[in-house]
Amino acid sequence: RQLSDEEIDEVIEEFKWQLVSNDVALLAAEGLASEIKEKLSMVKVPLFGNRGEVLKPIFREALSSVLLETDEEQFISKVRAAGHDTEPFKLLFVGPNGGGKTTTVVKVAKRLKREGIPSLIACSDTFRAAAIEQLKRLAETIGVRTVSQKYGSDPAAVAIDAVNSARSNRIPLVLIDTAGRTEVDTNLLEEMRKIKRVVSPDTVIFVGDVLTGNAMVEQATKFNEYVGVDYAILTKLDADVRGGATVSLCFAVKRPILFLGVGQGLDDIVSFKKSEFIHRLLS
Amino acid sequence: NLAQGIRSAIARLISSPVPDRQTIEEVIRGIQRALLLADVRADLVKSFSDNIRERTFNVELPRGISRRDHILKIVYDELVRLLGGERKELRVSRTPFVIMMVGIQGTGKTTSTAKLANYFAKSGYRVGVVVVDVYRPAALHQARQLLEGRGIFVYGEEDGQDPVQIAKRGLKYMSEQKVDVVIVDTAGRHKEQQGLMLEMNELYEAIRPDSVGLIVDATIGQQAGQQAEAFHRVSPVGWIMLTKMDTSARGGGALAAVNVTGAPILFIGTGEKIEDLERFDPKSYVSRLLG
Ligand SMILES: Nc1nc2c(ncn2[C@@H]2O[C@H](COP(=O)(O)OP(=O)(O)OP(=O)(O)O)[C@@H](O)[C@H]2O)c(=O)[nH]1
Ligand SMILES: Nc1nc2c(ncn2[C@@H]2O[C@H](COP(=O)(O)OP(=O)(O)OP(=O)(O)O)[C@@H](O)[C@H]2O)c(=O)[nH]1
Ligand SMILES: [Mg+2]
Ligand SMILES: [Mg+2]
């Protein structure tokens, strides 16, 4: 038989609460819930007994269509191919305060180095206390060189400096670490937009914290609005998270997740597999 | 006429002393939504709204107030009450007064340590900071740079390996300098890092701080309570500081942290600069929470 209107509302409420308690932002949960409403009105459930069998696939499908994976091999080949031009391939990393950008930049550099792609890192966080020392020390541990100027210098100028150095040293890749900033600070959002305009990176990567709740929607939206996000990397998945923030992000900006940060070590980076996420979000 | 009829029907509905189940449900749903958007933990939102629903059904609506405003007032008052009522103080009850800052990676502990150190220095205390974070590259540099030129002592060991030993030596140094308030900055950690949670317990036992501050990122979602509980078990939390309140987040996760630790929120962080520290005010926090 079909579900009554009341039952549909009940199922939708249940779905929303399930998602929210697994850290999906309310707006994303509501958006997904309204997307399945139509499917729910057409589905046939058994006259007696468990309707879960019929409903689970609908929930799974909703999550599967919103979550976006990246083919890691394809990404790496793209970076490697670009490395044969005379112009270095530029990756710009942006994101909120403390989200894990600096650590992630070095993780990505290490990952690509393992694939035979050498890189140079630009210390374009010229604001935060010890940002340059932190990045230098991390990069040193994997034998990747950094380019920096003094604190207070123009982040875009540091990035250009790094690109020029990469070009003359035939280094095919430049990763640019920037300062953390909030989605409500228009001055800093403008600064980020200017960095992009001056440097014109090949790829912009948003690095966010998977522990983030509802703010993830506004963060992703605003960063995307100001610089256009190509990929996202979410960190701190090792903190026992259901990973609902991945849904919030994908729902907000429809961009793929490139990697996940799963620890503080420089090897703690993995690719995003949506099937295991969906399983966890629905259990 | 029709307009007048509808107007009086609405007036009757709003001023009706008899609880209208449907109206109450709608108002409660609206409040639930506001709380969820503010990151209040889902189960707390549910139990809270059950509690409110029960109370409004048994209460006659006071004259001259709409059902909606009546419920909002009950919710507002209840939330303010849960947060301890009025602003609380961090009292420097002895000397040296030792504060230990703990929290998840990247929540703003080091920055908040500097803010707090400056806050006490401005109030006339002799202040020192001991950095026992041996994992984060340039953690000591960060504290030194933040506190440069403020007459605040900073102790740390460049190639230090053992946080407990650094803490002990640091406290000894601070007492030699006759420091009144010592703030210990620790490394970020989360509940799944067994070794680090054990280390936190060792630090707590070795330092025996007068006050432990849990630094919570206002942007945190549903995990706030669980993580706070893990910290509380290894080093009893005395107070909470909510950082990054200068974002779109409303910091509702802190309610779960308060709930599991019984600790009051004393401060909020409103930016990256040393001055961006405010004393927590439950009333303005709750107004912001309810949107
Ligand atoms: N557990 C865990 N910690 C992480 C992860 N990624 C980064 N961290 C930690 O999070 C903290 C902040 O990382 P940073 O790399 O400094 O973050 P950031 O975004 O560059 O910070 P700002 O530049 O200050 O905005 C550090 O203690 C990191 O070790 C992760 O995947 N898991
Ligand atoms: N916007 C904003 N940023 C803040 C606030 N407090 C700290 N930050 C920023 O958050 C980032 C992380 O701050 P830290 O003080 O390094 O955090 P932490 O907890 O010591 O990090 P770990 O030691 O790696 O665990 C930095 O970019 C700070 O400037 C705040 O109240 N508002
Ligand atoms: Mg950084
Ligand atoms: Mg720190």
Side-chain angles (χ1 to χ4, degrees), chain A residues 16-27 29-30 96-100 102-103 127-141 151 179-185 208-219 221-222 235-236 238-242 244-245 248 263-264, chain B residues 32-43 45-46 104-111 114 135-148 187-193 196 217-224 226-227 230 243-244 246-253 269 271-272 274:
Chain A
K16 263 194 256 170
W17 282 100
Q18 167 83 4
L19 291 180
V20 167
S21 57
N22 280 332
D23 248 329
V24 176
L26 185 63
L27 289 175
E30 288 176 337
N97 302 89
T102 302
T103 311
F127 166 75
R128 208 211 66 213
I132 297 175
E133 285 82 355
Q134 179 193 9
L135 183 50
K136 278 196 182 297
R137 289 181 189 197
L138 282 172
E140 250 166 35
T141 67
Y151 285 99
R181 67 202 71 226
T182 76
E183 66 281 12
V184 302
D185 190 328
D209 186 334
V210 82
L211 288 159
T212 309
N214 284 279
M216 178 62 78
V217 171
E218 189 65 3
Q219 277 178 6
T221 303
K222 276 285 173 275
T235 65
K236 309 182 198 169
D238 51 310
D240 174 33
V241 264
R242 310 304 150 75
S248 315
Q264 298 180 269
Chain B
Q32 274 186 352
R33 192 162 185 280
L35 294 178
L36 287 176
L37 277 171
D39 292 310
V40 178
R41 208 171 62 197
D43 62 339
V45 173
K46 272 210 173 135
I104 299 173
Q105 287 87 349
T107 53
K109 295 175 294 301
T110 304
T111 310
Y135 308 102
R136 173 155 165 159
L140 179 54
H141 271 261
Q142 186 183 2
R144 286 199 195 288
Q145 283 181 23
L146 284 169
L147 292 166
E148 211 160 53
R189 66 202 71 213
H190 58 68
K191 69 181 174 67
E192 300 306 308
Q193 293 170 310
L196 288 178
D217 188 328
T219 66
I220 192 169
Q222 299 286 309
Q223 275 288 312
Q226 286 207 22
Q227 297 281 350
T243 63
K244 307 178 197 172
D246 54 310
T247 60
S248 64
R250 302 210 207 124
E272 298 191 73
I274 296 282

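We name chains A, B, ... by the order of the sequence lines, and we start the count at 1 in each one.
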Decide yes or no for B/Asp43 and A/Trp17: does some side-chain heavy atom of the first lie under 4.5 Å from some side-chain heavy atom of the second?
-> no
Non-hydrogen side-chain atoms of A/Gln134 and B/Arg136 separated by less than 4.5 Å | yes
Between the side chains of B/Gln222 and A/Asn22, is a donor N or O closer than 3.5 angstrom to an acceptor N or O?
-> no
Is it the backbone or the side chain of B/Ile104 that comes under 4.5 Å from a heavy atom of chain A, or both, or neither?
->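 For B/Ile104, the side chain is the part near chain A, not the backbone.
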Which atoms of B/Arg250 come close to chain A, meaning under 4.5 Å heavy atom to heavy atom: side chain ones, backbone ones, both, or neither?
-> neither
May I have the step-by-step check of side chain to side chain contact (heavy atoms under 4.5 Å, CB included) for B/Gln193 and A/Asp238, ending in yes or no?
-> CA-CA 9 Å; B/Gln193 293 170 310; A/Asp238 51 310; 4.2 Å; yes
Minimal non-hydrogen separation, [X] against [Y], with atom names:
X	Y	value
B/Ser248	A/Glu218	OG-CB, 3.5 Å
A/Gly213	B/Asp39	CA-OD1, 3.3 Å
B/His141	A/Ala130	CB-CB, 3.8 Å
B/Ala38	A/Asn214	N-ND2, 4.5 Å
A/Leu138	B/Pro137	CD2-CG, 3.7 Å

Quick one: [atom1] on [X] to [atom2] on [Y], what's the gap to the nearest 0.5 Å?
X	Y	atom1	atom2	result
A/Leu26	B/Leu37	CG	CG	4.5 Å
B/Thr219	A/Asn97	OG1	CG	9.5 Å
B/Lys244	A/Thr182	NZ	OG1	10.5 Å
A/Arg128	B/Thr111	CZ	OG1	7.0 Å

Using the side chain to side chain donor-acceptor pair (under 3.5 Å) rule, take A/Gln264 and B/Gln105 through it: C-alpha gap first, then chi angles, then the decisive distance, then the call.
-> CA-CA 9 Å; A/Gln264 298 180 269; B/Gln105 287 87 349; 2.8 Å; yes
Chain B: which of A/Ile132, A/Val184, A/Val217 shares the most heavy-atom pairs with it under 4.5 Å?
->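 Sorted descending by pairs with chain B, the first entry is A/Val184.
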Heavy-atom pairs under 4.5 Å with chain A are the metric here; pick the option from B/Gly106, B/Ala138, B/Gly188 that has the most.
-> B/Ala138
Hey, which of B/Lys46, B/Arg41, B/Glu148 has the most heavy atom pairs under 4.5 Å with chain A?
-> B/Lys46
Full working for side chain to side chain contact (heavy atoms under 4.5 Å, CB included) between B/Gln145 and A/Glu133 | CA-CA 11 Å; B/Gln145 283 181 23; A/Glu133 285 82 355; 3.4 Å; yes
Go through A/Thr212 and B/Ile220 one step at a time and tell me if the side chain to side chain contact (heavy atoms under 4.5 Å, CB included) criterion holds.
-> CA-CA 4 Å; A/Thr212 309; B/Ile220 192 169; over 6 Å; no
